[in-house]
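Reading through the structure tokens given below for one structure.
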Amino acid sequence: MSRFSKLRIVALIVFVALMAAIVLPSCAFIRINDDRVANEALITVTRNGIVINVSKNEINDYFYTLYSQNASYVQQGYYTVEQLLDYAVESKMKTAYLLTEAMPFLATAESTSNQRFAVLSGGGAFVNPVDVLTHAEKSLAVWSVNKNMDDSLESLRESAYIESLNEPVKKISKEDVASIHFTAATLAYLKDVYYAGEELDRGKLEVFVKYDDDTVSNDFPVSGTMLKTPFSTEFGEENSSKTPEEKKIEIVFEETKVVNGDIETEEHTLTHEYTLKSTRATKNDPEEEEDLSKVEINEIKISRYATIDELIAQNIYFVERDFQAEYDALKKQVGSDRFLVEAYEDLLNNMKRSYKNSAYYYNSAYQTTVLSALQAELGMDTIATLSEAEIDAEILEDFDYLYATAKAGYKDITLPGASADNKKTFEEKITEDISKMYYYPAVEDLTGTFYVYNILFNFTTEQTEFLNAHSGSEEDLKLYQEYVKDSMMTKAANPNYDPEYECPLHKDGDTEATCSYEGEGVCPAVPFGKIVDSALVIDYEEKVVDVMARLETELKAIYDDTEMTPAEISVAALSKFEEYMYMYNEDPGIMNKSIGYYGKNSNFQKPFLDLAEDVFEESGVVGNAFAWTDTDLDGIKDSGEVGLGYTFSSYGIHLEAISFVPFAGDTDDQELTFASDAEKIAYLKRTYDNTGKTYYDDLRKSVIDAKKNTRYTDYTSQNTPEKVYERDEEDNKFTIEKDIKKEVFIESKKLQELFDEYMGK
């Protein structure tokens with residue numbers, strides 16, 4: 001077993017975080033070396049006419065990545081810095097070795113395909129890693145470096161901008177100060193409510209000082225040193241439920257005073273208080289099946305074998321950039337952003353300090369992409385050779401094991417109390433994860449198993465306090481709850497909300513700007529808003545009873561639609577309820593829960609469970625949200641009169657809709673058994689959630705993924721040596737394995753010095 005077997009990061013290939021050294025300071029373990037030493041080859045692998053060098057910089061970068069990911073494990077003593085460094089050196093050797101095999105493989109039509117060969121960047125050559133990439137793969141590698149560079153530039157520009165805000169305050173007199181105030185523009189810019197993740201432009205926090213003689217200073221931005229309590233839109237660690245949290249920005253201006261000949265300072269404080277609230281979750285996009293024949297560049301998926309013209313047509317053809325030339329041009333440009341100029345200067349200086357240039361990063365990206373392309377090509381070939389019969393045979397084999405394992409979790413029905421225990425186990429399993437329901441015992445009310453979607457309108461703190469003070473009898477409480485319901489307000493959340501969407505009007509607050517969103521609906525930069533009379537109203541408030549009435553009307557129209565089939569009505573009704581759920585629901589637990597809540601979960605409050613039963617009793621069809629009404633509030637259902645079901649819990653008002661009925665076609669009190677493989681496949685192809693996923697799909701993916709992983713692992717094992725060197729831990733001397741001495745050359749003394757350097761010898 002390898003000496004690194006206990007490392008959690010063990011894998012032949014671990015993709016390196018390429019850009020870590022651009023903005024971040026160098027790793028504390030790395031001592032500064034001159035450019036020649038940092039980039040000289042410490043390892044050279046020569047095979048198949050290919051030469052791959054590994055520099056000290058590359059080893060240091062890889063070690064830095066490993067240490068960053070596993071520092072806590074080092075501190076806990078699971079493994080040492082020396083082990084990480086050994087792993088970094090060994091992995092870089094093996095990666096170089098694998099590249100010399102992967103490159104000719106990817107550049108040969110017989111190994112892959114004529115389709116790939118026709119669009120190779122090197123036209124069939126395999127001298128450098130970039131040669132064996134297709135135009136799309138090369139563009140992906142270049143884009144990844146360019147994007148990381150641009151992200152670094154933006155971060156450095158922001159730092160330069162923030163630093164500039166510290167200067168004006170130095171020119172403001174600090175004597176005879178009476179008070180400090182926000183400017184009118186700043187007061188207009190600041191909000192009373194912020195949502196998690198929202199940002200604040202520090203440059204728009206401007207203040208002025210009022211002096212004892214009623215004169216005022218010039219307006220000036222708030223410097224970092226003035227922020228006693230900075231702006232934050234992160235919830236406190238103790239606020240795991242993310243309930244609204246009161247926060248503040250606290251700004252301090254220090255007045256200089258001379259008291260009895262001594263210089264003293266007096267603080268003048270300015271505070272802006274705000275409430276931090278959480279946004280509502282948006283609906284996740286459905287998972288897309290992996291397509292190895294495509295790559296994703298800047299959020300656009302395109303064929304791995306696309307031509308340059310096809311890449312250009314999609315605006316995703318990227319070329320290497322000369323960042324020094326960009327900096328030189330920007331400096332000469334009249335009216336250029338001075339902070340961006342500083343960012344370029346810092347970026348280039350950071351690269352120089354780490355003895356790297358853009359070629360270093362592009363080459364690293366090319367090497368990583370070669371290995372990714374190898375994995376994709378082997379994966380596609382594996383899939384192409386698999387027959388459906390072979391896949392089904394393995395699926396059935398896996399299912400037989402899973403069925404037996406699941407069945408073992410239940411008790412023999414002949415044992416005392418087994419029936420009750422089995423029912424409890426069954427309910428636990430369907431509550432936890434129905435996607436693993438590979439077996440179930442005889443359950444008395446199997447067809448009565450159902451799930452519900454939930455819309456919660458939260459009581460405010462004041463409303464909760466009012467209800468607690470007037471609880472009285474159950475009948476009185478119902479009357480007060482109905483009274484509170486009529487005054488409850490809600491806001492429509494934006495189903496398209498994207499906190500990263502850049503809109504100069506709605507995100508940056510530039511009142512002179514226009515909205516940049518050109519799609520339908522509400523601008524993604526707005527967390528809460530609604531289109532009213534063809535215009536966007538941000539934080540639009542409406543009565544909860546109006547929302548409920550509107551939903552009831554729209555659902556009734558769907559239920560009564562005679563042109564739809566019952567199945568179509570179910571889909572449409574559930575979709576309508578889900579639409580309202582993502583707009584108005586204040587229960588975060590239900591969001592993106594593809595089947596909803598188990599309708600008999602004993603952990604829920606009784607009113608919630610009672611409503612679930614009432615809705616299911618009225619109609620156990622998916623999409624039903626109606627129940628018998630109780631207009632007299634006497635606890636007795638009014639016969640024949642149905643409407644949108646609702647109830648009150650301690651949290652607020654709940655609406656519920658039947659979201660999933662997994663065993664509607666089965667038989668009560670009958671164990672899940674199979675008479676043939678065909679019956680097994682039929683069961684596995686049943687959907688277990690509302691996205692259409694099936695047990696069969698999951699097992700099929702598992703089988704295919706295992707085949708692909710085995711193929712790649714076998715390839716790497718066959719084409720890389722199991723051991724590359726031995727290192728004497730006493731004196732750090734290296735000895736290359738004799739079988740590969742002709743192919744692998746190392747600078748033994750310099751590698752020894754590297755270990756000595758890290759070990760502090």
Side-chain angles (χ1 to χ4, degrees), residues 19 23 140 143-144 146-159 161-162 188-205 231-235 242 244 247 274-288 296-302 314-316 318 337 339-340 343 490-532 534-541 578-586 588 591-592:
M19 312 307 291
V23 178
L140 171 61
W143 170 78
S144 69
N146 291 352
K147 182 180 187 303
N148 279 319
M149 290 288 190
D150 285 335
D151 289 346
S152 297
L153 285 168
E154 179 58 33
S155 178
L156 291 166
R157 182 198 172 280
E158 179 70 13
S159 295
Y161 167 63
I162 293 296
Y189 174 69
L190 290 170
K191 295 190 291 186
D192 294 327
V193 174
Y194 286 93
Y195 296 100
E198 278 196 281
E199 297 176 355
L200 192 71
D201 184 347
R202 272 267 302 280
K204 292 185 177 180
L205 286 187
F231 173 80
S232 169
T233 52
E234 291 185 6
F235 288 95
K242 296 183 179 179
K247 300 179 83 73
Y274 59 96
T275 303
L276 174 62
K277 294 185 177 181
S278 60
T279 56
R280 294 181 198 147
T282 56
K283 188 175 181 180
N284 292 340
D285 293 329
E287 285 184 31
E288 293 185 24
E296 185 172 342
I297 309 172
N298 200 18
E299 299 185 351
I300 295 176
K301 290 189 176 181
I302 195 166
Q314 293 281 351
N315 198 30
I316 51 174
F318 295 93
D337 183 338
F339 303 120
L340 185 56
T490 186
K491 294 179 182 178
N494 180 7
N496 298 319
Y497 177 59
D498 179 0
E500 296 182 1
Y501 184 82
E502 295 292 340
C503 176
L505 175 61
H506 295 123
K507 183 167 185 175
D508 298 335
D510 184 351
T511 55
E512 302 298 319
T514 56
C515 180
S516 61
Y517 181 57
E518 296 179 354
E520 295 183 359
V522 181
C523 172
V526 175
F528 291 87
K530 193 174 180 181
I531 304 296
V532 181
S534 301
L536 171 62
V537 181
I538 296 175
D539 290 339
Y540 178 77
E541 279 201 319
E578 187 181 54
E579 175 190 323
Y580 273 71
M581 188 170 77
Y582 279 96
M583 287 180 68
Y584 296 102
N585 169 53
E586 293 173 303
M591 305 301 239
N592 288 301

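With hydrogens and angles disregarded, no donor-acceptor distance shorter than 3.5 Å links the side chain of Y517 to the backbone of A525. Under a 3.5 Å cut-off, the side chain of K247 and the backbone N or O of F235 do not form any donor-acceptor pair. Of the possible donor and acceptor atoms, one in the side chain of S152 sits under 3.5 Å from a partner among the backbone N and O of N148. The backbone N or O of V526 sits less than 3.5 Å from a side-chain atom of N494, completing a donor-acceptor pair. Remark: side-chain polar atoms of K283 are not paired, donor with acceptor, to backbone N or O of E579 under 3.5 angstrom. A donor-acceptor pair under 3.5 Å is absent between the side-chain atoms of Y194 and the main chain of G197, judged by distance alone. With N592 contributing its side chain and T282 its backbone, the two residues share a donor-acceptor pair below 3.5 Å. With hydrogens and angles disregarded, no donor-acceptor distance shorter than 3.5 Å links the side chain of T233 to the backbone of A196. Distance alone, capped at 3.5 Å, is enough to place a donor-acceptor pair between the R280 side chain and the M583 backbone.
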* Decide salt bridge (Lys or Arg N to Asp or Glu O under 4.0 Å) for E198 and K507; before the verdict, give the C-alpha distance in whole Å, the side-chain angles of both, and the deciding distance to 0.1 Å. => CA-CA 8 Å; E198 278 196 281; K507 183 167 185 175; over 6 Å; no

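At least one side-chain heavy atom of I162 sits less than 4.5 Å from a side-chain heavy atom of E158. Side-chain contact between P499 and Y195: absent, with no pair of heavy atoms (C-beta onward) separated by less than 4.5 Å. Residues Y274 and D192 have side chains not in contact (no heavy-atom distance under 4.5 Å, counting atoms from C-beta outward). Residues C503 and P524 form no side-chain contact, since every pair of their non-hydrogen atoms from C-beta on lies 4.5 Å or further apart.
By the 6.0 Å contact criterion, CD on E199 is open, its count of non-hydrogen atoms from other residues, nucleotides or ligands being 12 or less. Counting non-hydrogen atoms of neighbouring residues, nucleotides and ligands closer than 6.0 angstrom, the CD atom of E502 exceeds 12 such neighbours.
The two residues K277 and V193 have their closest heavy-atom pair at CD-CG1, 3.9 Å.
Ring geometry for F339 against Y161 counts as perpendicular: the plane angle is over 60°, on a 0 to 90° scale with 30° as the lower cut.
Expressed to the nearest 0.5 Å, how far OG of S232 lies from CG of L276 amounts to 7.0 Å.
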